[in-house]
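Each remark here refers to the structure printed beneath this line.
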Amino acid sequence: MRDKKLLRIALRYRAIYLDIDPKEIDLEAKPTPAVLAFVARLRENGFSVNEDLLHALCMVSATELADITAVIDDVMGVELNWATLVKGWNVPTGETRADHLITFFANLIGGAKAGLEGCTLPCGCFIPEGTFPLERYTGCPFCGTPFTTANFVYKGQASKLKELLLFTEEDLKQVYHSLLASPTPLDATQKDSFEKLIDIYGLPDNVEISMKETAMLAVKHLVANGQQAQAQTLLKTPTDILRYLWYEKTGYVQIIEPRTLIAQARRFYYHMFGPLNQSKYAGNEMKEKLKLKYDRKHCQCVASWINNLALSPQQTTENMNAKRGMWVRMIRALRLGEYSRRKGYEHLADILDAFYHQEQPTWLGTLQQARNNRDTQTVLQMLKQRPGLFARSLFATMLRFGCEDTMEAFEQVTDQMPSRLLLSLGNAAEKYFDPDATRTAHPITGYTISISKNKLLSLYSPADLRAMVARVKQCYILSLKHSFAVQATKAKSIYIAPSLFDIPISVGDRSATIQDTSCALMGTRFPVEGDAVRLFLQWGKGLHAQPLDMDISCHIAFKNGKTEDCAYYRLKATGAKHGGDIRAIPEMVGTAEYIELSLPELAEAGAKYVTFTANAYSCGALSPNLVVGWMNSAYPMKVSEKTGVAYDPSCVQHMVRISESNLSRGLVFGVLDVDEREITWLEMPFISQNIQGCDFTAVNALLQRLRNKLSIGQLLEIKAEAQHLSLSPSPDEADEAYTYEWALNPAEVSALLNM
């Protein structure tokens, strides 16, 4: 079990984990028949091995090779059901809305019992003669229930293989330590890897964890293993304690207000068809779920944590006030008032006394009063006391109190801020100060909203606004150069892979999907090799047979302003074909839907962009373990004439899996630029039962924001300039080499900002 977990983690970094000593690898060893057979199986799944891994495999038994093959097959979904509703769906069935309407009324009046000619299917639906061509379907074309599952997939059609590297114990420990030290929040893939690694390796002594959210995962591990006292070292403020308690309650490492979770549950379980609308029931159920109840052991543990805080009662109260309503509930549920009267809990008693009496004015209240009084000097002096808050309110402060005074004060504290925060300001400045730009926000509650512009923008001329943008960018670039310059390095040359200039730095992008076969950063661009892109959606793995309707769709935007959808309600669009709408899943193995895009047809019709989406039409969020992605190959990809299977793991260019803590009902997962023949991977959640509820203005704004971000390559160029490193044309000739494989570890990329 341990090795299987490590193997799954290594695969995310395009590697295979082997429990061997790399010093013992025989570079002259010839591959055994078992190794050659294993490599052949890897090719069927779209992978190849480098020379080091090939020799290392000679040290592994045939049984271990079989186990590795089984894990890779499981990750790639080879054993799942990939049959679709239509046989040979690349040839349209010709079904129309009239077929559905006629079938609806035929079933309404009794079908065969009413003397109509036709066929009654195993699901109970009556299909009138002359409507759907039943010989073309693997299930019911009316209700979307599948009758057929397929126990095979196509293999080895790929035109390009992904090379796998060798990972040993030391490599995985390095990954683990990079996650611990990551200066940016862990995405869902990193979080899943971290939870597996901390269970295997434990928490190192005297570790410094940069991110509060990562610390919560470590606290959970310590508490689960009875190490509550050690967890105290990671809980330095009341907010840290509240974050852990809420994470334990809800499963989210961010503090989401109860009312937000209740409203979210109502939105998730809303259905456009009234009788299926469960929003009110879902809201009440969430309210019951969020009720607090703790046993004595838990209460004493939290009381000790708060009592042992190094902050004064006034500082503690100041920290608690931001979530005062939640703390009132927690204090009651944890019986903190009772524990505060016990001997040894005097500090807790002082904290609760200060919390309830509120005798001291809060820092935020004083700041807001100074803002209302237009007291520029007081506002700026107070903001300098809290550089993080200063950074988050920098743009609004510049507009309200003037660019020069604000930036002069801000530059005095930039050395106290993490580089990632300054970088995020530089990325956001251009959009914020553009009165005509569409700004978007992606709350952790799983949907995307458009933000209205700041009204104060109208007070400034375009030249003034451009000057503000330039000042912010100058500030963060100078800060980055200074940070790199003070770093000690013996290197004289650096190699930067060209592909890194197409990958934006991941700052502020929270990914909620798990990437089991790679760790690409959001905004990464994938070139399209062939003339077809095949989207796929697989869901229902491990679930019993039941109605569960997930949909894959695409939105085609043409250069003349025209748009088209290819979805369950329109199976054929310009340059796009849908494999049929399945609304129920078979037992345990799940089911699949596909869309195939023809780039020559799209280009001829004048298509500009194609947006890929997945939706939960059924009530609730996207199904856990749902897999979505796209395939691409320079050679034609087959479609089964018997079962409609169109999946080939070797052709998968990118795929993601929905995590258990997913908070979205719809997901935009890619945008195809038809002219450039490249796909940008992005992750934009939205709340809608189908693609028609997606805000494509917000999609375009997100895409533009990602493309305007500082790329990894540009950041490395700043590093090279600051450290006087010469650019090398080859990684073998450089003292420091930054390749695409290096960028597969987002924590390593983020480490550039951990200065």
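Values reported hereafter were calculated over all heavy atoms of this structure, with side chains retained and with hydrogens, waters and symmetry mates removed. Computed from a predicted structure; not experimentally measured.
Looking at Ile16 and Phe47, their side chains never come closer than 4.5 Å, going by heavy atoms from C-beta outward.
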message: Does Phe526 form a ring pair (Phe, Tyr, Trp, His ring centres under 6.0 Å) with His654? I'd like the steps, not just the answer.
response: CA-CA 9 Å; Phe526 295 86; His654 192 60; 5.1 Å; yes

task: Please test Tyr594 against Phe536 for ring pair (Phe, Tyr, Trp, His ring centres under 6.0 Å), starting from the C-alpha separation and ending with a verdict.
output: CA-CA 5 Å; Tyr594 305 90; Phe536 62 86; 7.4 Å; no

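Annotation: Arg43, atom CZ; neighbour count of heavy atoms from other residues, nucleotides and ligands within 6.0 Å does not exceed 12. The environment of NZ in Lys155 is crowded: more than 12 heavy-atom neighbours from other residues, nucleotides or ligands sit within 6.0 Å.
When the ring-ring contact (aromatic ring centres under 6.0 Å, His included) test is applied to Tyr738, the partners found at least two apart in sequence or on another chain are Trp742. Every residue two or more places apart in sequence or in another chain that forms a side-chain hydrogen bond (donor to acceptor under 3.5 Å, both in side chains) with Ser193 is listed here: Arg12. A search for side-chain hydrogen bond (donor to acceptor under 3.5 Å, both in side chains) contacts involving Asp52 returns nothing, not counting sequence neighbours. Contacts of Lys196 classified as side-chain hydrogen bond (donor to acceptor under 3.5 Å, both in side chains), with partners at least two apart in sequence or in another chain: Asp192. Residues satisfying the side-chain hydrogen bond (donor to acceptor under 3.5 Å, both in side chains) criterion with Arg657, sequence neighbours excluded, are Asp516, Asn625.
Between Glu596 and Arg534 there is a salt bridge, with a side-chain nitrogen of the basic residue lying less than 4.0 Å from a carboxylate oxygen of the acidic one. A salt bridge is absent between Asp3 and Lys5: the closest approach of a Lys/Arg side-chain nitrogen to an acidic carboxylate oxygen does not fall below 4.0 angstrom. Electrostatic pairing of Asp73 and Arg41 counts as a salt bridge here, judged by a charged N lying under 4.0 Å from a carboxylate O. Look at Arg8 and Asp74 and you find a salt bridge, because one of the NZ, NE, NH1 or NH2 atoms lies within 4.0 Å of a carboxylate O, short of that distance.
Judged as a salt bridge (Lys or Arg N to Asp or Glu O under 4.0 Å), the pairs with a partner in residues 165-179 (not counting sequence neighbours) are, in order, Arg2-Glu169.
With Asn81 contributing its side chain and Ala150 its backbone, the two residues share a donor-acceptor pair below 3.5 Å.
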